[in-house]
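The chain is numbered in sequence order, starting from 1. Side chains are part of it too, since the values below use all heavy atoms of this structure and drop only hydrogens, waters and symmetry mates.
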Amino acid sequence: MKLLIQNAYYTASNGEKIHSDILVENGVITKIEENIIETVDRKIDAAGLLVTPGFIDLHVHLREPGGEKKETIATGTLAAAKGGFTTIAAMPNTRPVPDSKEQMEWLQQRIQETGSVRVLPYASITTRQLGQELTDFAALKEAGAFAFTDDGVGVQSADMMLQAMKKAAEVNMAIVAHCEENTLIHKGSVHEGEFSKNNGLNGIPSVCESVQIARDVLLAEAASCHYHVCHISTKESVRVVRDAKRAGIQVTAEVTPHHLLLSQDDIPGLDANYKMNPPLRDASDREALIEGLLDGTIDFIATDHAPHTAEEKSEGMVAAPFGIVGLETAFPLLYTNFVLKNIITLEQLIEFLTKKPAEAFGLPYGKIEVGAPADLVLLNLTEEQDINPEEFLSKGKNTPFGGWACKGWPVMTIAEGNIVWEKGCVTA
């Protein structure tokens, strides 16, 4: 498809507004000039809209195979497209787990058949994510694995993690870690703090996360491995990552929109839409996460999109599964509550969702330039809408942000030169 985006504007890293037309041919940006004259399949008038690179989310749960009642590759990638994401990385806590070459090949084929945007599938570190036997890293890389993680559970054995890091380094791949020391969970469902005490709930202490990060950064140094921390949530964790970076250890980290926006003080009651792992921490942790993002300790933002059924989430704060959805609300929430409140700039937010994750993992995406993949989002920064979970394209409606008024909504998403979503029209 040949597309011409007219009257577009986008922002340079210095904040300068650049007005131009953008020509897309065969999935690639071929011209960025004023007043392009071309015969095309479709002209798109982007007057008044901001054009950005397609967003990149390196932490998403698509649930397929095994959890299709919660989400599928088809519904999850449509939700991604609606939220402006053109590249997402799918976690391996599915049934079966992508822990073999054959299962990874099946997953790649399923993505090709039903996905609307680019999906980079993770492979598991250990067989069935049980933490007992390493998978075949070389074979999984050959089959298209993006990186290795047992996300959903922390690798409990230090020796197992060290051996995994050595294997990952051999094939020049990253170890991506959900950091949680099982002996410190104590059957917790929320953060160990005022909310847990006031509501008689078992709490998950901050050290449950930070102690495993502290272990792992030293193992990564010993193994000369790229180590990435998922959904960082505590001030102690930020301090450990900051110190590790200062020591020259190859560590990167991500933070979610919900940990940037909410703390335990914002939980209104025993509503499981506020139950996620890691849990909403103290206000001081939230402040440390914002500081860490701004000073470069935390590299980028990822949603940890985790859909569940309404029935599951209705089981209450103790019994309901952890997780909330995030693909369709990430940019509007962050634009409204951070950019419009002058906490970060628009250019910084765009980089946290595009350039920064691409740089952290060496991806050729997240930029607007001639020759780059035509992954683009058109955004309306002025119109305000309320978040309505019933309008989500994701099967999951589990969000604590229902009813929040936001600006900064995507109106069109282009992935590899194809229009995969536009306001009022879903393109499968």
Legend entry - Any donor-acceptor N or O pair under 3.5 Å, side chains Ser124, Gln129: no
Inset, instruction - Evaluate the side-chain proximity of Ile301 to Phe55: yes if any heavy-atom separation is below 4.5 Å, no if none is. - result: no
Legend entry - Polar side-chain atom of Glu25 near backbone of Leu23 as donor-acceptor pair, under 3.5 Å: no
Legend entry - Leu78 CG to Leu327 CG distance, which is reported to the nearest 0.5 Å: 11.0 Å
Legend entry - cation_pi(Lys397, Phe392) dist<6.0 Å, angle<=45: no
Inset, instruction - Take atom CG of Asn388 as the centre, draw a 6.0 Å sphere, and report whether it contains more than 12 heavy atoms from other residues, nucleotides or ligands. - result: yes
Legend entry - Stepwise salt bridge (Lys or Arg N to Asp or Glu O under 4.0 Å) check, Glu416 with Arg118: CA-CA 8 Å; Glu416 297 183 275; Arg118 184 182 296 108; 3.6 Å; yes
Inset, instruction - Sequence neighbours left out, what passes side chain to side chain contact (heavy atoms under 4.5 Å, CB included) with Pro279? Give chain and number order. - result: His191, Ile204, Asn277, Arg281
Inset, instruction - State whether the side chain of Thr336 and the backbone N or O of Pro332 hold a donor-acceptor pair below 3.5 Å, judged by distance alone. - result: yes
Inset, instruction - Measure the spacing between CZ of Phe401 and CD1 of Ile324 and express it to the nearest 0.5 Å. - result: 5.0 Å
Inset, instruction - Could you walk me through whether Asn93 and His61 pass the side-chain hydrogen bond (donor to acceptor under 3.5 Å, both in side chains) test, one step at a time? - result: CA-CA 8 Å; Asn93 56 337; His61 298 269; 3.0 Å; yes
Inset, instruction - Please report the closest heavy-atom contact between Ser233 and Asp285, naming both atoms and the distance. - result: O-CB, 3.6 Å
Legend entry - Thr30 side chain reached by Val24 side chain, heavy atoms, under 4.5 Å: no
Inset, instruction - Would you tell me whether Glu287 and Ser284 have side-chain atoms, one donor and one acceptor, within less than 3.5 Å of each other? - result: no
Inset, instruction - Give the intermediate values and the outcome of side chain to side chain contact (heavy atoms under 4.5 Å, CB included) for residues Leu49 and Leu379. - result: CA-CA 5 Å; Leu49 302 176; Leu379 296 158; over 6 Å; no
Inset, instruction - Evaluate whether atom CG of Asp295 has more than 12 neighbouring non-hydrogen atoms of other residues, nucleotides or ligands under 6.0 angstrom away. - result: yes
Legend entry - Under-4.0 Å salt bridge between Asp282 and Lys235: no
Inset, instruction - Starting at CH2 of Trp409, measure out to CD of Glu384 and round the result to the nearest 0.5 Å. - result: 10.0 Å
Inset, instruction - Could you go through the side-chain hydrogen bond (donor to acceptor under 3.5 Å, both in side chains) check for Asn398 and Asn273 one step at a time? - result: CA-CA 6 Å; Asn398 46 305; Asn273 284 322; 5.3 Å; no
Legend entry - Side chain proximity check, His178 to His231, heavy atoms < 4.5 angstrom: yes
Legend entry - Validation row: Val229, Val251 side chains within 4.5 angstrom (heavy atoms): yes
Inset, instruction - Using the ring-ring contact (aromatic ring centres under 6.0 Å, His included) rule, pick out the option among Tyr227, Tyr122, Phe137 that qualifies with Phe148. - result: Phe137
Legend entry - Salt bridge present between Glu422 and Arg42 (N-O < 4.0 angstrom): yes
Legend entry - Evaluation steps, side-chain hydrogen bond (donor to acceptor under 3.5 Å, both in side chains), between Thr303 and His305: CA-CA 5 Å; Thr303 70; His305 175 82; 5.1 Å; no
Inset, instruction - Taking the six-membered ring for Trp and the single ring otherwise, decide whether the centroids of His59 and Phe300 are under 6.0 Å apart. - result: no
Legend entry - Working for side-chain hydrogen bond (donor to acceptor under 3.5 Å, both in side chains), residues Gln108 and Gln112: CA-CA 6 Å; Gln108 294 279 15; Gln112 290 298 314; 5.4 Å; no
Inset, instruction - Considering non-hydrogen atoms only, spot the tightest contact between Ile88 and Val60 and give its length. - result: CB-CG2, 4.0 Å
Legend entry - Residue Glu113 excluded, over 12 heavy atoms near CD under 6.0 Å: yes
Legend entry - Pair Glu383 + Lys407: basic N to acidic O under 4.0 Å: no
Inset, instruction - Measure the spacing between CG of Leu261 and CG of Asn337 and express it to the nearest 0.5 Å. - result: 5.5 Å
Legend entry - Greater than 12 external heavy atoms within 6.0 Å of Glu142's CD: no
Inset, instruction - Would you check if the side chain of Asp243 reaches a backbone N or O of Val240 as a donor-acceptor pair within less than 3.5 Å? - result: no
Legend entry - Heavy-atom side-chain proximity of Glu38 to Lys31 below 4.5 angstrom: yes
Inset, instruction - Would you please test Lys82 and Glu328 for salt bridge (Lys or Arg N to Asp or Glu O under 4.0 Å) and show each step? - result: CA-CA 6 Å; Lys82 186 180 178 183; Glu328 294 170 71; 3.7 Å; yes
Legend entry - Euclidean distance, Ile267 CD1 relative to Asp265 CG, rounded to 0.5 Å: 8.5 Å
Inset, instruction - Would you check if Glu180 and Cys208 make a side-chain contact, meaning some heavy-atom pair closer than 4.5 Å? - result: yes
Inset, instruction - Give a yes or no answer on whether the side chain of Asp299 reaches the backbone of Glu254 with a donor-acceptor pair at less than 3.5 Å. - result: no
Inset, instruction - Give a yes or no answer on whether the side chain of Thr75 reaches the backbone of Ser394 with a donor-acceptor pair at less than 3.5 Å. - result: no
Inset, instruction - Determine yes or no for a side-chain-to-main-chain donor-acceptor pair under 3.5 angstrom, with Ser20 supplying the side chain and Glu33 the backbone. - result: yes
Legend entry - Derivation and outcome, side chain to side chain contact (heavy atoms under 4.5 Å, CB included), residues Asp375 and Ile414: CA-CA 5 Å; Asp375 299 335; Ile414 299 167; over 6 Å; no
Legend entry - Min side-chain heavy-atom separation Leu50-Leu346 under 4.5 Å: yes
Legend entry - Mutual orientation of the aromatic rings belonging to Tyr335 and Phe331 [parallel < 30°, tilted 30-60°, perpendicular > 60°]: parallel
Legend entry - Pairwise distance OG1(Thr252) to CZ(Phe361) - rounded to 0.5 angstrom: 4.5 Å
Inset, instruction - Answer whether the closest heavy-atom distance between the side chains of Val190 and Met317 falls below 4.5 Å. - result: yes
Inset, instruction - Can you establish whether the number of heavy atoms outside Lys395 located under 6.0 Å from its atom NZ is more than 12? - result: yes
Legend entry - Electrostatic pair Asp150-Arg128, nearest N-O below 4.0 angstrom: no
Legend entry - Glu68 backbone acceptor or donor facing Thr72 side chain under 3.5 Å: no
Legend entry - Heavy-atom closest pair, residues Ala360 and His226: O-CE1, 3.2 Å
Legend entry - Ring-face cation of Lys17 near Tyr9 (centre distance under 6.0 Å, axis angle within 45°): yes
Inset, instruction - Flag yes if more than 12 heavy atoms outside Lys69 fall under 6.0 Å of its NZ atom; otherwise flag no. - result: no
Inset, instruction - Taking Lys313 for its side chain and Gly396 for its backbone only, find out whether a donor-acceptor pair lies under 3.5 Å. - result: no
Inset, instruction - Could you tell me whether the side chains of Glu64 and Thr94 share a donor-acceptor contact shorter than 3.5 Å? - result: no
Legend entry - Check: Ser210 side chain, Ser237 main-chain N or O, donor-acceptor pair, under 3.5 Å: no
Legend entry - Donor-acceptor under 3.5 Å (Gln250 side chain, Ser224 main chain): no
